[in-house]
Amino acid sequence: MSTYQISPFGSIDFGATGIKAKLQNASFLLATMKGTCFMDREAGWLIPVDELSESAKVQITADVVELLQNNIEGLTVEEVTFEEKPEEAILYPFVKVVFDNG
């Protein structure tokens with residue numbers, strides 16, 4: 001099994017297939033706030049507001065694991081880490097994943 005790192009950043013490849021398409025979909029979900037997709041208001045995750053950094057990390061980790069494992073077939077989350085920008089009060093999740101059939 002290969003391990004892949006996904007983040008909420010990246011460009012869209014409209015011809016992506018297989019694992020590359022699944023990774024792209026996962027990256028899109030990571031970049032999406034719940035309630036912002038017009039045709040699917042449940043897509044994405046809730047971004048914690050006014051939470052302490054450590055508390056927000058716990059909440060984000062749980063939301064991201066549930067979001068990705070429920071929406072991307074064959075994906076298993078191995079680890080969630082964060083890039084912190086304290087001066088801007090921003091946490092960016094980075095996720096290591098594996099695929100059952102890839």
Side-chain angles (χ1 to χ4, degrees):
M1 274 194 262
S2 296
T3 302
Y4 302 91
Q5 177 89 15
I6 56 174
S7 70
F9 312 109
S11 58
I12 295 175
D13 175 4
F14 290 101
T17 59
I19 295 293
K20 188 173 181 181
K22 289 181 179 186
L23 291 169
Q24 182 172 281
N25 290 343
S27 181
F28 174 78
L29 286 172
L30 280 181
T32 304
M33 271 179 42
K34 191 174 269 193
T36 60
C37 287
F38 178 69
M39 297 299 285
D40 186 1
R41 297 289 184 194
E42 291 301 309
W45 53 286
L46 290 175
I47 296 173
V49 178
D50 295 334
E51 292 284 338
L52 297 174
S53 177
E54 294 306 312
S55 174
K57 287 179 186 178
V58 171
Q59 185 178 345
I60 292 169
T61 298
D63 289 348
V64 164
V65 169
E66 180 180 0
L67 174 72
L68 295 179
Q69 291 186 170
N70 288 341
N71 289 287
I72 309 291
E73 186 177 339
L75 179 143
T76 301
V77 174
E78 285 197 331
E79 180 182 28
V80 179
T81 57
F82 296 90
E83 177 185 327
E84 294 186 65
K85 294 197 176 183
E87 64 280 356
E88 299 172 30
I90 296 175
L91 290 170
Y92 294 109
F94 289 83
V95 185
K96 282 186 183 176
V97 300
V98 295
F99 289 95
D100 296 338
N101 55 355

- Do Thr76 and Gln69 get their side chains close enough for a donor-acceptor pair, meaning under 3.5 Å? no
- Are Leu68 and Phe94 grouped together when hydrophobic residues (ILVMFWY) are joined by side-chain heavy atoms under 4.5 angstrom apart? no
- Approximate separation, where rounding is to 0.5 Å, of Gln59 CD and Ser55 OG: 6.5 Å
Could you pull out all donor-acceptor pairs under 3.5 Å where a side-chain atom in residues 7-14 meets a protein atom, sequence neighbours excluded?
{"unit_1": "Ser7", "atom_1": "OG", "unit_2": "Phe9", "atom_2": "N", "d": "3.4"}
{"unit_1": "Asp13", "atom_1": "OD1", "unit_2": "Gly15", "atom_2": "N", "d": "3.0"}
{"unit_1": "Asp13", "atom_1": "OD2", "unit_2": "Lys20", "atom_2": "NZ", "d": "3.1"}

- Any side-chain heavy atom of Trp45 sitting closer than 4.5 Å to one from Met33? no
- Item | hydrophobic_cluster_shared for Ile19 and Val95, side chain cutoff 4.5 Å | yes
- Find out if a path of hydrophobic residues (ILVMFWY) with successive side-chain heavy-atom gaps under 4.5 Å connects Phe28 to Val65. no
- Does atom CD of Glu66 have more than 12 heavy-atom neighbours, drawn from other residues, nucleotides or ligands, at distances under 6.0 Å? no
- Is Glu79 close to Thr81 at the side-chain level, that is, under 4.5 Å between some pair of heavy atoms? yes
- State, to 0.1 Å, how close Ile60 and Pro93 come at their nearest heavy-atom pair, and which atoms those are. CG2-CB, 4.3 Å
- Nearest heavy-atom contact between Gly44 and Lys34 is O-CE, 3.7 Å
- Query: If every non-hydrogen atom of Ile6 is compared with every non-hydrogen atom of Ala26, which pair is closest and at what distance?
  - Reply: CD1-CB, 3.4 Å
- Item | Nearest heavy atoms of Val80 and Phe82, plus distance in Å | CG1-CZ, 3.8 Å
- So CG of Asp63 and CG of Leu30: to nearest 0.5 Å the spacing works out to 11.5 Å
- Task: Please check if Tyr92 and Val97 belong to a single hydrophobic cluster, counting links between Ile, Leu, Val, Met, Phe, Trp and Tyr side chain heavy atoms closer than 4.5 Å.
- Result: no
- Message: Quick one, Val77 and Leu75 - any side-chain contact, counting heavy atoms below 4.5 Å?
- Response: yes
- Task: Check the pair Glu73, Lys22 against salt bridge (Lys or Arg N to Asp or Glu O under 4.0 Å), reporting the backbone distance first and the verdict last.
- Result: CA-CA 8 Å; Glu73 186 177 339; Lys22 289 181 179 186; 5.6 Å; no
- Under 3.5 Å, side chain of Ser27 to main-chain N/O of Leu23, donor-acceptor pair present? no
- Mind listing the closest non-hydrogen atom pair of Ala56 and Leu91 along with its distance? CB-CD1, 3.8 Å
- Query: If you measure from the Lys or Arg side-chain nitrogens to the Asp or Glu carboxylate oxygens, is any gap between Lys96 and Glu78 under 4.0 Å?
  - Reply: no
- Query: Are Phe99 and Ile72 side-chain neighbours, meaning at least one heavy-atom pair lies under 4.5 Å?
  - Reply: yes
